[in-house]
Amino acid sequence: MSLGKNIQYMRKQKRITQEQLAETIAVSRQTISRWEADEIVPELGKLLTLCDMFSCKLDALVREDMSACDEIYSEITIKRVKGFQMARYVMVTPKPEDDVIAYMDNWARQSGLLEACPDAMRIGWDFPYVSLELQNRFGLHGYVAAYVLPEGFETSCPGVEYVLQEEAEYAVITVYNPFAAAFERIPNAYKRILEFLQANGFREKPRENILSCFEHVYEKEGITCMDVYIHVDSVSKTDSFTNFS
């Protein structure tokens with residue numbers, strides 16, 4: 001794909017018009033049109049500005065087919081997730097995701113959950129309440145892992161917190177092979193949903209009894225998949241752009 005096609009593709013991914021892009025980077029709409037038609041090439045400073053705006057690397061914008069990332073992500077859908085009970089645990093460590101998943105998998109075996117329901121759904125999400133000092137000085141981060149409990153399941157196995165999740169609507173995207181480039185593909189999945197919802201982030205105060213977001217990792221036909229869920233009412237809305245060419 002050409003540089004011009006990449007610029008057009010990434011602009012449409014951000015759901016903005018040529019006029020809006022032109023205003024943002026201080027050029028005329030005609031200039032954007034000529035860039036996208038490969039009639040002229042943006043100067044280096046403008047290319048770097050585009051990379052910042054599109055959250056991509058210069059080499060990728062200039063040389064790669066940016067539309068190929070569509071093979072990594074599914075379309076975004078809105079799903080109504082029924083209420084459920086979950087057992088959850090949080091860890092703050094240098095590798096919290098691996099550590100807490102191992103802990104919860106062990107709990108699921110000891111509690112009899114995996115025997116009663118071998119395909120029990122395990123979900124997870126970042127634990128945001130770790131100070132910058134702990135992150136910077138000690139490399140500590142937080143992650144929560146939880147198992148969705150099937151109706152009627154009971155256990156006396158300790159070591160987890162039981163929580164009820166209310167029914168809610170979520171925007172959902174599937175990421176294929178998310179761990180092939182985890183620090184790029186997973187954040188971009190969240191970014192795509194936020195742009196789809198025309199939001200600029202999460203609300204400061206989350207809704208009670210409703211997760212703002214969570215992830216579900218599973219195998220399908222030999223491919224690792226991750227479903228990313230974002231609660232549609234837990235985001236802060238921004239100006240919406242609905243008409244773009």
Next item on the list: Evaluate the criterion side chain to side chain contact (heavy atoms under 4.5 Å, CB included) for residue pair M53 and L21; output intermediate values, then yes/no.
Entry: CA-CA 9 Å; M53 186 173 183; L21 178 58; 3.4 Å; yes
Notebook entry, point to check: Is a side-chain N or O of N6 found less than 3.5 angstrom from the main chain of L61, in a donor-acceptor match?
Noted result: yes
Check: Can you say whether the rings of Y170 and Y229 are parallel (under 30°), tilted (30 to 60°) or perpendicular (over 60°)?
Finding: perpendicular
Notebook entry, point to check: Counting N and O atoms only, with roles assigned by atom type, does the side chain of K5 sit under 3.5 Å from a partner on the main chain of A37, one being a donor and the other an acceptor?
Noted result: no
Notebook entry, point to check: Is the backbone N or O of G4 less than 3.5 Å from a side-chain atom of D38, with the two atoms forming a donor-acceptor pair by type?
Noted result: yes
Next item on the list: Could I get the full list of side chain to side chain contact (heavy atoms under 4.5 Å, CB included) partners for S111, not counting sequence neighbours?
Entry: W107, L113, F153, T155, C157
Checklist line | Verdict with supporting geometry, E43 and K46, side chain to side chain contact (heavy atoms under 4.5 Å, CB included) | finding: CA-CA 5 Å; E43 61 186 51; K46 296 301 183 185; 3.6 Å; yes
Notebook entry, point to check: Going by the salt bridge (Lys or Arg N to Asp or Glu O under 4.0 Å) test, which pairs reach into residues 79-100, not counting sequence neighbours?
Noted result: R80-E167, R80-E169, R88-E161
Notebook entry, point to check: Any side-chain donor-acceptor pair under 3.5 Å between S33 and E36?
Noted result: no
Notebook entry, point to check: Quick one: does T31's side chain have a donor or acceptor within less than 3.5 Å of a partner on V27's backbone?
Noted result: no
Checklist line | Side-chain (R11) to main-chain (I16) donor-acceptor, under 3.5 angstrom | finding: yes
Notebook entry, point to check: Given the rule that I, L, V, M, F, W and Y join up when any side-chain heavy atoms are under 4.5 Å apart, are V92 and M104 in one cluster?
Noted result: no
Notebook entry, point to check: Does a salt bridge link R109 with E115, judged by any charged N lying under 4.0 Å from a carboxylate O?
Noted result: no
Next item on the list: Give the intermediate values and the outcome of side chain to side chain contact (heavy atoms under 4.5 Å, CB included) for residues E215 and Y143.
Entry: CA-CA 11 Å; E215 303 159 0; Y143 197 80; 3.0 Å; yes
Notebook entry, point to check: Do L211 and I123 have side chains that get closer than 4.5 Å, going by heavy atoms?
Noted result: yes
Indicate every side-chain donor-acceptor pair of residues 144-151 with a distance under 3.5 Å to a residue at least two apart or in another chain.
from: Y147; atom 1: OH; to: D105; atom 2: OD1; distance (Å): 2.6

Margin query: If you define the side chain from C-beta out and look only at heavy atoms, does anything of R203 sit under 4.5 Å from S236?
Written below: yes
Notebook entry, point to check: How about S212 and I230: do any of their side-chain heavy atoms sit closer than 4.5 Å?
Noted result: no
Next item on the list: Could you give me the CA-CA distance, side-chain angles and deciding distance for I25 and I32, then say whether side chain to side chain contact (heavy atoms under 4.5 Å, CB included) is met?
Entry: CA-CA 10 Å; I25 60 177; I32 301 295; 3.9 Å; yes
Atom pairs and distances, donor-acceptor, side-chain atoms in residues 132-140, under 3.5 Å, two or more places apart:
from: E133; atom 1: OE2; to: R137; atom 2: NH1; distance (Å): 2.8
from: Q135; atom 1: NE2; to: V130; atom 2: O; distance (Å): 2.8
from: N136; atom 1: ND2; to: L132; atom 2: O; distance (Å): 3.1

Note to self: For a quick check under 3.5 Å, do Y190 and E195 share a side-chain donor-acceptor pair by atom type?
What the structure shows: no
Check: Is I210 reachable from V90 through a run of hydrophobic residues whose side-chain heavy atoms are each under 4.5 Å from the next?
Finding: yes
Item checked: Atom of I78, atom of F196 and distance for their closest heavy-atom approach -> CD1-CE2, 3.9 Å
Next item on the list: Can you sort out the partners of R185 under side chain to side chain contact (heavy atoms under 4.5 Å, CB included), two or more places apart, ordered by chain and number?
Entry: I72, Y73, V175, N177, A180, A181
Notebook entry, point to check: Considering only heavy atoms from C-beta outward, does the side chain of R192 approach that of I76 to under 4.5 Å?
Noted result: yes
Notebook entry, point to check: Should side-chain heavy atoms under 4.5 Å link Ile, Leu, Val, Met, Phe, Trp and Tyr, which residues sit in the same cluster as Y218?
Noted result: none
Margin query: ring-ring contact (aromatic ring centres under 6.0 Å, His included) for Y103 and Y89? Distances and angles first, verdict last.
Written below: CA-CA 8 Å; Y103 177 90; Y89 196 73; 4.2 Å; yes
